[in-house]
Colleague: 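Got a structure for you, questions after.
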Amino acid sequence: DKRREVRAPSFFIIYKMKTFLLVFFSMLFSVATSAKKITIKSGTIVPLESIKEIKAANTHIGESIDFRVTHDVKIGNLVAIPAGAIAKGAVFEAKRSTAFGTKGRLGIKLRYVTLPSGDNISLASSEVYIQGKNRMPLSVVIFCFTCLPFPCGSKAVMPLGYECDATVGVNTEINIE
């Protein structure tokens, strides 16, 4: 009868210890593997493409323009910036071509990339600048010899799928899950 009393508490203690250790190590393992911090270094190249066609004649300064990351940006074997993440830019110059042959101009400053987690990565020294063709000399010659109206300069248009590279502006630490 005494043997039973002694065995029962020891079995119960061993069972509790196993349960505790199992829970402890599973929590420790899940915390260690669920989030890793990595640093995206300043100067890292981010490949982008435009999501829609943008015409200088139809846009205005300050307008927000969206781009998409075309390829995963990896740090070691980990994906830091996934393909498909959205980058934002803002128009800083938008001039339509004129009847006197001057070219159209479109300038967009790339600002940041938003990760699926909601974190933003700042971009620096990253601009898209598109110019049409200047037809001013041709315009003057045609007018002088034929008195026909001036031909317009060509338009500044960023086509859908226009590819460009942006650069990460500052070292940014992010969590990878």
Side-chain angles (χ1 to χ4, degrees), residues 23-136 152-177:
V23 170
F24 175 76
F25 283 116
S26 65
M27 285 175 44
L28 183 65
F29 182 74
S30 69
V31 168
T33 58
S34 67
K36 294 181 182 181
K37 288 191 177 216
I38 61 171
T39 300
I40 302 171
K41 295 193 177 194
S42 175
T44 301
I45 303 294
V46 181
L48 302 171
E49 70 179 357
S50 62
I51 293 177
K52 65 179 185 174
E53 180 180 84
I54 305 295
K55 295 180 181 180
N58 300 338
T59 190
H60 58 278
I61 293 174
E63 184 175 337
S64 181
I65 306 294
D66 291 345
F67 291 81
R68 180 180 313 123
V69 176
T70 58
H71 304 293
D72 290 341
V73 175
K74 294 184 176 184
I75 307 294
N77 291 331
L78 299 173
V79 175
I81 304 172
I86 300 298
K88 295 280 188 181
V91 175
F92 69 86
E93 183 175 11
K95 300 212 178 192
R96 62 186 314 156
S97 57
T98 67
F100 295 106
T102 59
K103 59 189 169 190
R105 293 185 298 273
L106 176 64
I108 302 168
K109 170 108 172 104
L110 301 168
R111 302 275 186 205
Y112 60 89
V113 175
T114 302
L115 299 177
S117 65
D119 294 331
N120 288 333
I121 298 173
S122 296
L123 302 173
S125 303
S126 302
E127 294 179 353
V128 174
Y129 197 78
I130 297 171
Q131 296 182 38
K133 291 182 181 175
N134 189 2
R135 295 188 181 144
M136 178 76 99
C152 289
S154 65
K155 299 174 175 139
V157 177
M158 181 178 67
L160 168 72
Y162 181 84
E163 293 184 353
C164 59
D165 288 332
T167 322
V168 173
V170 295
N171 291 348
T172 307
E173 191 174 271
I174 61 169
N175 290 323
I176 300 293
E177 295 182 21

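Since we're looking at a predicted model, the values are computed, not measured.
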Colleague: Can you spot which of Leu48, Ile51, Val113 makes a side-chain contact (heavy atoms from CB on, under 4.5 Å) with Phe67?
Modeller: Leu48
Colleague: How many angstroms lie between atom OG1 of Thr59 and atom CD1 of Ile108, to the nearest 0.5 angstrom?
Modeller: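 These two atoms lie 7.0 Å from each other.
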Colleague: Starting at OH of Tyr162, measure out to CD1 of Ile54 and round the result to the nearest 0.5 Å.
Modeller: 13.0 Å
Colleague: Can you name the residues that form a side-chain contact (heavy atoms from CB on, under 4.5 Å) with Ile38, not counting sequence neighbours?
Modeller: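 Once residues adjacent in sequence are excluded, the partners of Ile38 under the side-chain contact (heavy atoms from CB on, under 4.5 Å) criterion are Ile75, Leu78, Ala80, Ile174, Ile176.
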Colleague: Output the distance between atom OG (Ser122) and atom CG (Asn171), rounded to the nearest 0.5 Å.
Modeller: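 So the gap between those two atoms works out to 11.5 Å.
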Colleague: Applying salt bridge (Lys or Arg N to Asp or Glu O under 4.0 Å), which residue pairs with at least one partner in residues 156-173 are found, sequence neighbours left out?
Modeller: Lys37-Glu173
Colleague: Can you see which heavy atom on Ile61 is nearest to which on Ala94, and at what distance?
Modeller: CG1-N, 4.3 Å
Colleague: Roughly how far, to the nearest 0.5 Å, is the CG atom of Leu115 from the CD1 atom of Ile86?
Modeller: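 Spacing of CD1 (Ile86) from CG (Leu115) equals 11.5 Å.
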Colleague: Hey, are the side chains of Ile130 and Val157 touching, using non-hydrogen atoms and a 4.5 Å cut-off?
Modeller: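 Result no, sub-4.5 Å side-chain heavy-atom pair not found.
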Colleague: Considering residues at least two apart in sequence or located in another chain, which fulfil the side-chain contact (heavy atoms from CB on, under 4.5 Å) criterion with Tyr129?
Modeller: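 Partners of Tyr129 under the side-chain contact (heavy atoms from CB on, under 4.5 Å) test: Phe92, Glu93, Arg105, Gln131.
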Colleague: Can you name the nearest heavy-atom pair linking Ala124 to Gly169, along with the distance?
Modeller: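 In this case the closest contact between Ala124 and Gly169 is CB-CA, 3.4 Å.
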Colleague: Determine the minimum heavy-atom distance between Pro47 and Ile45, stating which atoms define it.
Modeller: CD-O, 3.9 Å
Colleague: Between Ser50 (side chain only) and Pro159 (backbone N and O only), is there a donor and an acceptor less than 3.5 Å apart?
Modeller: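 Present.
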Colleague: List in chain and number order the residues that pass side-chain contact (heavy atoms from CB on, under 4.5 Å) with Thr44, two or more places apart in sequence or in another chain; answer none if no residue qualifies.
Modeller: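 Once residues adjacent in sequence are excluded, the partners of Thr44 under the side-chain contact (heavy atoms from CB on, under 4.5 Å) criterion are Ile40, Lys41, Val73, Val168.
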Colleague: With sequence neighbours left out, write down each residue that passes side chain to side chain donor-acceptor pair (under 3.5 Å) with Ser117, or none if nothing qualifies.
Modeller: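 Asp119.
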Colleague: Is it true that, when you exclude Lys109 itself, more than 12 heavy atoms of the residues, nucleotides or ligands shown sit nearer than 6.0 Å to its NZ?
Modeller: yes
Colleague: Would you name the heavy atoms of Asp72 and Ala83 that are closest together and state the gap between them?
Modeller: OD1-N, 2.7 Å
Colleague: So how far is it from Ile65 CD1 to Lys52 NZ, rounded to the nearest 0.5 Å?
Modeller: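 One finds 6.0 Å between CD1 of Ile65 and NZ of Lys52.
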Colleague: List for me each residue that meets side-chain contact (heavy atoms from CB on, under 4.5 Å) alongside Tyr112, sequence neighbours excluded, and say none if there are none.
Modeller: Lys88, Thr114, Asn120
Colleague: If you take all heavy atoms of Val128 and Met158, which pair is closest and at what distance?
Modeller: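 Smallest heavy-atom distance, with atoms named: CG1-SD, 4.0 Å.
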Colleague: Which heavy-atom pair separates Lys95 from Ala56 by the least distance, and what is that distance?
Modeller: O-CB, 3.6 Å
